[in-house]
Amino acid sequence: MARTRDTDACPGALQVHRAADGALARIRLPGGALTAAQLAALSRVASEYGSSTLELTARGNVQVRGITDVTAVSEAIANAGLLPSETHERVRNVVASPLSGRAGGNADVRPWVAELDAAICAEPSLVDLGGRFWFGFDDGRADVSGLCADVGVHAFPDGCALLLAGRDTGVRLSPGEVVETLVIIATRFATTRGTAWRIKELSEIESLLPGVELGAAPFAAVTRPPVGWINQDDGRVALGAAVPLGVLPARVAEYLAAIEAPLVITPWRSVLVCDLDEAVADVALRVLAPLGLVFDDNSPWLTVSACTGSPGCAHSAADVRADAAHALDADSTIHRHFVGCDRACGSPLAGEVLVATADGYRRL
């Protein structure tokens, strides 16, 4: 599908989206990484200038809605160290295996995330990527590759596969070639994309890598986050907390920040609290679970998601979040995503997408 706008309308921390419920800012978090102090700052921003909630996105980013003072919010985001480049802030879309370097996987992709973020900000031509283009790092557990990033790598035991639109190109990279190669591909796309926002919209994806043949099928899509008590390889613990419908109350975010541990926002709208001693993890779990965070892998909350819906989105035909909450089914094995219109924002690559109509919901 070719783009329908000549300018990039994707929101950022500086260029906000004017939604039905007020201004919306999206803060990019490469690899989903967030410090406790940064989460505390975002919680204050949401409480003082927004809707008192934080929205977690399918790219591991955070949104603040209902903003009453855009300038104050952008200044607070910058002061928290979350705005390293005013020119490139909307194109810093980097998703990585959330547990990489802590539990499992064939490689620790976190150094690549930091290196790529710096390289993106240093390349002037990448300003033209647009806010929808994104990079993916899969450490070999096949969680991120199935999300079909525009360009990314999948770490195998014997090397890294270069992926385009989630499909294997057959090209294998050494660790030292990964970031440079991704920047080259992104730069080619930025300078030749024509009317395309995403690589999958190109009529000939192979034009970015002449001579390659893409794999017939992408990796399988993952729709569920890692939740519960997760033993790290170093003997410490990570707690995986699903956030129902991706809406994190600012007050709950304050409790998460108070643990003073590294955090990761996942592309499944959940939070990982990492590097905990067992005693701290036990106390944190007992405090956080009653606040509405989900640590049970069998919870029906893991099988539903939704777009913003009414009243936040003027295009929506229903309050889809409320409807999704009412439709929880403990026996469901299929992920259901509720949307307010045919744009189907935030739809996962697997499961059912249910579109609100005047007569109820229909499958997209």
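All residue numbers in this chain count up from 1 along the given sequence.
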>> I'd like to check D139 versus V144 (side-chain heavy atoms, cut-off strictly below 4.5 Å). Are they in contact?
In response: no

> Are L291 and W301 grouped together when hydrophobic residues (ILVMFWY) are joined by side-chain heavy atoms under 4.5 angstrom apart?
Replying inline: no

> Any side-chain heavy atom of L354 within less than 4.5 Å of one from L364?
Replying inline: no

>> To check you understand the geometry: which heavy-atom pair defines the closest contact between D128 and R193, and what is its length?
In response: O-NE, 3.0 Å

> Can you check whether E55's main-chain N or O pairs, donor with acceptor, with R65's side chain at less than 3.5 Å?
Replying inline: no

> Between Q232 and R102, is there a donor-acceptor pair closer than 3.5 Å when you use the side chain of the first and the backbone of the second?
Replying inline: no

> Any side-chain heavy atom of R188 within less than 4.5 Å of one from L209?
Replying inline: yes

> Taking the side chain from S100 and the backbone from R110, do they hold a donor-acceptor pair closer than 3.5 Å?
Replying inline: no

>> Using 0.5 Å steps for rounding, measure from the CG atom of L99 to the CG atom of D143.
In response: 8.0 Å

> Under 3.5 Å, is there a donor-acceptor pair between the side chain of H335 and the main chain of V222?
Replying inline: no

> For the hydrophobic clusters of this structure (ILVMFWY residues joined by side-chain heavy atoms under 4.5 Å, transitively), does one cluster hold both V283 and I230?
Replying inline: no

> Rounded to the nearest 0.5 Å, how far does CZ of R167 lie from NZ of K200?
Replying inline: 12.5 Å

> Do W112 and C160 pass the side-chain contact (heavy atoms from CB on, under 4.5 Å) test, and can you show the C-alpha distance, the side-chain angles, and the key distance before you say yes or no?
Replying inline: CA-CA 12 Å; W112 291 337; C160 300; 3.4 Å; yes

> Closest approach of H154 and S145, non-hydrogen atoms and distance?
Replying inline: ND1-OG, 2.7 Å

> Rounded to the nearest 0.5 Å, how far apart are CZ of R336 and OH of Y361?
Replying inline: 11.0 Å

>> Please give me the minimum heavy-atom distance between V264 and C274, naming the atom from each residue.
In response: CG2-SG, 4.1 Å

> For E254, does the CD atom sit with more than 12 other heavy atoms under 6.0 Å from it, leaving out its own atoms?
Replying inline: yes

>> Would you say CZ of F295 has more than 12 non-hydrogen atoms from neighbouring residues, nucleotides or ligands within 6.0 angstrom?
In response: yes

> Any sub-3.5 Å donor-acceptor pair from H337's side-chain atoms to C345's backbone N or O?
Replying inline: yes

>> Taking the side chain as everything from C-beta on, heavy atoms only, tell me whether D138 gets closer than 4.5 Å to S97.
In response: yes

> Do side-chain atoms of E89 reach the backbone of G12 as a donor and acceptor pair under 3.5 angstrom?
Replying inline: no

>> Using the side-chain contact (heavy atoms from CB on, under 4.5 Å) definition, which of the options T53, L56, L54, T57 pairs with Q63?
In response: T57

> Run the side-chain contact (heavy atoms from CB on, under 4.5 Å) check on T192 and L202 step by step: do they pass?
Replying inline: CA-CA 10 Å; T192 62; L202 296 175; 6.0 Å; no

> Could you go step by step and tell me if L182 and F137 meet the side-chain contact (heavy atoms from CB on, under 4.5 Å) rule?
Replying inline: CA-CA 10 Å; L182 297 192; F137 288 116; 3.6 Å; yes

> Any side-chain heavy-atom pair from L82 and L42 closer than 4.5 angstrom?
Replying inline: yes

> How about P311 and D21: do any of their side-chain heavy atoms sit closer than 4.5 Å?
Replying inline: no

>> Are L34 and L83 connected into the same hydrophobic cluster when the rule is that any two of I, L, V, M, F, W, Y join if their side-chain heavy atoms are below 4.5 Å apart?
In response: yes

>> For E48, is the CD atom crowded, meaning more than 12 foreign heavy atoms sit under 6.0 Å from it?
In response: yes

> Given side chains that start at C-beta, do those of V151 and L164 come closer than 4.5 Å, heavy atoms only?
Replying inline: yes

>> More than 12 heavy atoms of other residues, nucleotides or ligands under 6.0 Å from CZ of R362: yes or no?
In response: yes

> Does the side chain of I27 reach to within under 4.5 Å of the side chain of N61, using non-hydrogen atoms?
Replying inline: no

>> Ignoring hydrogens, what is the shortest heavy-atom contact between A356 and A318? Give both atom names and the distance.
In response: CB-CB, 3.7 Å

>> Membership question, hydrophobic clusters at under 4.5 Å side-chain separation (ILVMFWY): are L147 and L214 in the same one?
In response: no

>> Please determine whether side-chain contact (heavy atoms from CB on, under 4.5 Å) holds for the pair L293 and L248, giving the CA-CA distance in whole Å, both sets of side-chain angles, and the decisive distance to 0.1 Å.
In response: CA-CA 9 Å; L293 298 178; L248 180 65; 4.0 Å; yes

>> So does V227 get a backbone contact from the side chain of D297, meaning a donor-acceptor N/O pair under 3.5 Å?
In response: no

> Quick check: does any side chain N or O of D168 sit under 3.5 Å from a backbone N or O of G215, one acting as donor and the other as acceptor?
Replying inline: no

>> Please report the interatomic distance CG(L302) to OG1(T223), rounded to the nearest 0.5 Å.
In response: 9.0 Å

> Taking all atoms of both residues into account, what is the closest heavy-atom pair of G146 and L349, and its distance?
Replying inline: O-CD1, 3.3 Å

> V280, L288: one ILVMFWY side-chain cluster at the under-4.5 Å cut-off?
Replying inline: yes

>> Are there over 12 heavy-atom neighbours, none belonging to R18, within less than 6.0 Å of that residue's CZ?
In response: no

> Counting only heavy atoms not in E206, do more than 12 sit closer than 6.0 Å to its CD atom?
Replying inline: yes

> Between A250 and S47, which heavy-atom pair has the shortest distance, and what is it?
Replying inline: CB-OG, 3.3 Å

> Which value, rounded to the nearest 0.5 Å, describes the distance between N79 atom CG and S74 atom OG?
Replying inline: 9.5 Å

> Quick one: CZ on R44 to OH on Y49, what's the gap to the nearest 0.5 Å?
Replying inline: 10.5 Å

>> Is it the case that the side chain of E201 and the backbone of R198 share a donor-acceptor pair, with hydrogens and angles ignored and the cut-off at 3.5 Å?
In response: yes

> Just by distance, do the side chain of R141 and the backbone of A103 share a donor-acceptor pair under 3.5 Å?
Replying inline: yes

